[in-house]
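Each remark here refers to the structure printed beneath this line.
Residues take their numbers from the sequence shown, with the count starting at 1. Scope of the values below: all heavy atoms of this structure, side chains included, with no hydrogens, waters or symmetry mates.
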Amino acid sequence: MTRISLRRGLGADYRARLSALLQRALEEHFAVPPRDCFQLFDEYTAGNRVVDPHYPYGDTAARSGDFLLLQITAGRRRSRAQKCALYSALATACRQQLGLDPADLMVVITCNDVDDWSFSSGRCYGGETQ
């Protein structure tokens, strides 16, 4: 499941392209099954986003108003190599398909256990229902 935080006003086409490239990168580099797609878009005005333009690189890289945050919640842990491949693929795809400067992309991955998910109908996954 990914929460996608971006600036307001980018439009439906931008969101659709971002959604497709994100899903493709997750399937190709993060072992996400096809159709396992849960994305929530949160749009913010400039006044509702406070983001240090230089963290953690000092003045060598700067974020712009196009800052994009992808908060990925994963049901199982991935290797460092998988995470790094995902980060790189996302930065490349965002640049090529959205014109997003890689300095404007931040990805945060949080992992939990399969029994922390109920996809619908109150069903418990990853073991017997208590």
Minimum-distance pair of heavy atoms, taken over all atoms of A103 and R63: O-CG, 3.1 Å

Which atom of P33 lies closest to which atom of Q23, heavy atoms considered: O-NE2, 4.0 Å

Over all atoms of both residues, closest heavy-atom pair of R77 and C111: NH1-CB, 2.9 Å

Distance-minimising heavy-atom pair for R35 and E27: N-OE2, 3.9 Å

Residue pair I4 / D42, side-chain heavy-atom distance below 4.5 Å: no

ILVMFWY network linking V114 to F38, side-chain heavy atoms under 4.5 angstrom: yes

From CA spacing to verdict: side chain to side chain contact (heavy atoms under 4.5 Å, CB included), R24, L90: CA-CA 9 Å; R24 188 169 37 258; L90 286 169; over 6 Å; no

Residue pair G75 / W117: nearest heavy atoms and the distance that separates them: CA-NE1, 3.5 Å

Exercise: identify the closest heavy-atom pair between D115 and C124: CB-SG, 4.4 Å

From OH (Y44) to CZ (R7), nearest 0.5 Å: 15.5 Å

Within-4.5 Å side-chain heavy-atom neighbours: L70 and V108: no

Residue pair F67, L105: steps toward the side chain to side chain contact (heavy atoms under 4.5 Å, CB included) verdict: CA-CA 6 Å; F67 175 73; L105 178 64; over 6 Å; no

CZ (F119) with more than 12 external heavy atoms under 6.0 Å: yes

Sidechain-backbone polar pair: S19 side chain, R15 backbone, donor-acceptor under 3.5 Å: no

ILVMFWY cluster, L22 and L10 together (side-chain gap under 4.5 Å): yes

Contact check, side chains of R95 and L100, non-hydrogen atoms, under 4.5 Å: no

Main-chain N/O of H54 paired with D52 side-chain donor or acceptor, under 3.5 Å: yes

Student check: side-chain heavy atoms of I72 and T110 closer than 4.5 Å: no

Exam field: side chain R78 to backbone R76, donor-acceptor pair closer than 3.5 Å: yes

Pairwise side-chain contact, V107 with I109, heavy-atom cut-off 4.5 Å (strictly under): yes

Cluster link L98 to L86, ILVMFWY, side chain under 4.5 Å: yes

Polar side-chain atom of R3 near backbone of Q71 as donor-acceptor pair, under 3.5 Å: no

Separation between SG of C37 and CG of L26, rounded to the nearest 0.5 Å: 8.5 Å

pair Y87-H29: side-chain heavy atoms closer than 4.5 Å: no

Non-hydrogen side-chain atoms of C84 and Q82 separated by less than 4.5 Å: no

Spatial distance of atom CG (D104) from atom OG (S64) [nearest 0.5 Å]: 3.5 Å

Check: L18 and C94 side chains under 4.5 Å, non-hydrogen atoms: yes

Point-to-point distance, once rounded to the nearest 0.5 Å, from CG of L6 to CG of D66: 9.5 Å

